[in-house]
Visitor: 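Okay, here's the structure, questions in a sec.
Just so it is clear, the structure is predicted and the values come from calculations on it, not from any experiment. Hydrogens, waters and symmetry mates play no part in the numbers below; they use all other heavy atoms, side chains included.
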Amino acid sequence: MWMLWWVWMAAAIVMVILEVMVPGYIFLGFAIGAATVGVLLLVATPTLPWLLVIFAVVSLVAWIAMRRFFAASGGGQVKTFDHDINDN
């Protein structure tokens with residue numbers, strides 16, 4: 001079952017839908033990994049352990065890339081203030 005390309009594409013679609021419902025760029029990285037494995041299965045027939053390694057590596061790289069691309073500027077996601085607005 002895991003060697004069928006459409007199973008990986010269906011998993012990618014499910015993860016994209018989950019990403020829409022639970023935003024945070026977590027499921028989108030897994031969806032990109034699953035879609036990559038699905039496309040790979042269309043052109044080649046690697047073994048299951050290699051498919052899992054490719055899925056894990058592509059998912060991790062996609063997550064890191066999205067984290068850097070969509071991260072808030074300044075290093076953190078919380079705005080901090082170093083002065084009081086009442087001090088002039």
Side-chain angles (χ1 to χ4, degrees):
M1 179 170 127
W2 295 108
M3 299 301 287
L4 299 172
W5 68 270
W6 61 267
V7 172
W8 288 95
M9 291 300 192
I13 292 170
V14 168
M15 287 184 228
V16 167
I17 292 170
L18 282 172
E19 180 63 40
V20 170
M21 295 191 316
V22 184
Y25 308 112
I26 294 172
F27 291 109
L28 190 57
F30 291 130
I32 291 169
T36 302
V37 170
V39 170
L40 179 66
L41 280 172
L42 280 173
V43 297
T45 56
T47 61
L48 182 61
W50 279 111
L51 287 178
L52 296 177
V53 167
I54 292 168
F55 171 72
V57 170
V58 171
S59 296
L60 179 65
V61 168
W63 182 78
I64 290 171
M66 286 186 296
R67 186 84 169 160
R68 289 186 183 209
F69 184 73
F70 294 119
S73 61
Q77 302 229 357
V78 177
K79 180 153 178 71
T80 59
F81 298 95
D82 57 353
H83 65 280
D84 188 1
I85 61 171
N86 294 321
D87 295 336
N88 288 329

Visitor: For residues Val57 and Leu51: do they belong to one hydrophobic cluster (side chain heavy atoms under 4.5 Å, members Ile, Leu, Val, Met, Phe, Trp, Tyr)?
Guide: no
Visitor: CD of Glu19 to CZ of Phe27: how many Å apart, nearest 0.5 Å?
Guide: 7.5 Å
Visitor: Is it true that Val39 and Val61 fall in one hydrophobic cluster, defined by side-chain heavy atoms closer than 4.5 Å?
Guide: no
Visitor: Ring-plane angle category for Phe55 and Trp8, please: parallel below 30°, perpendicular beyond 60°, tilted otherwise.
Guide: tilted
Visitor: Using the side-chain contact (heavy atoms from CB on, under 4.5 Å) rule, pick out the option among Ile13, Val20, Val14 that qualifies with Ile17.
Guide: Ile13
Visitor: Would a single hydrophobic cluster contain both Leu60 and Trp50, if residues Ile, Leu, Val, Met, Phe, Trp and Tyr are joined by side-chain heavy-atom contacts under 4.5 Å?
Guide: no
Visitor: Check whether Met3 and Val53 end up in the same hydrophobic cluster, where Ile, Leu, Val, Met, Phe, Trp and Tyr are linked by side-chain heavy atoms less than 4.5 Å apart.
Guide: no
Visitor: Please round to the nearest 0.5 Å and tell me the distance separating atom OG1 of Thr36 and atom CG of Leu41.
Guide: 11.0 Å
Visitor: If you take all heavy atoms of Gly33 and Val58, which pair is closest and at what distance?
Guide: CA-CG1, 3.7 Å
Visitor: Considering all heavy atoms of both residues, which atom of Ala12 and which atom of Ala35 are nearest to each other, and what is their separation?
Guide: CB-N, 3.8 Å
Visitor: Can you tell me how far apart CG (Leu28) and OG (Ser59) are? Round to the nearest 0.5 Å.
Guide: 10.0 Å
Visitor: With a 6.0 Å cut-off (strictly less than), is the heavy-atom count around CD1 of Ile26, excluding the residue itself, greater than 12?
Guide: no
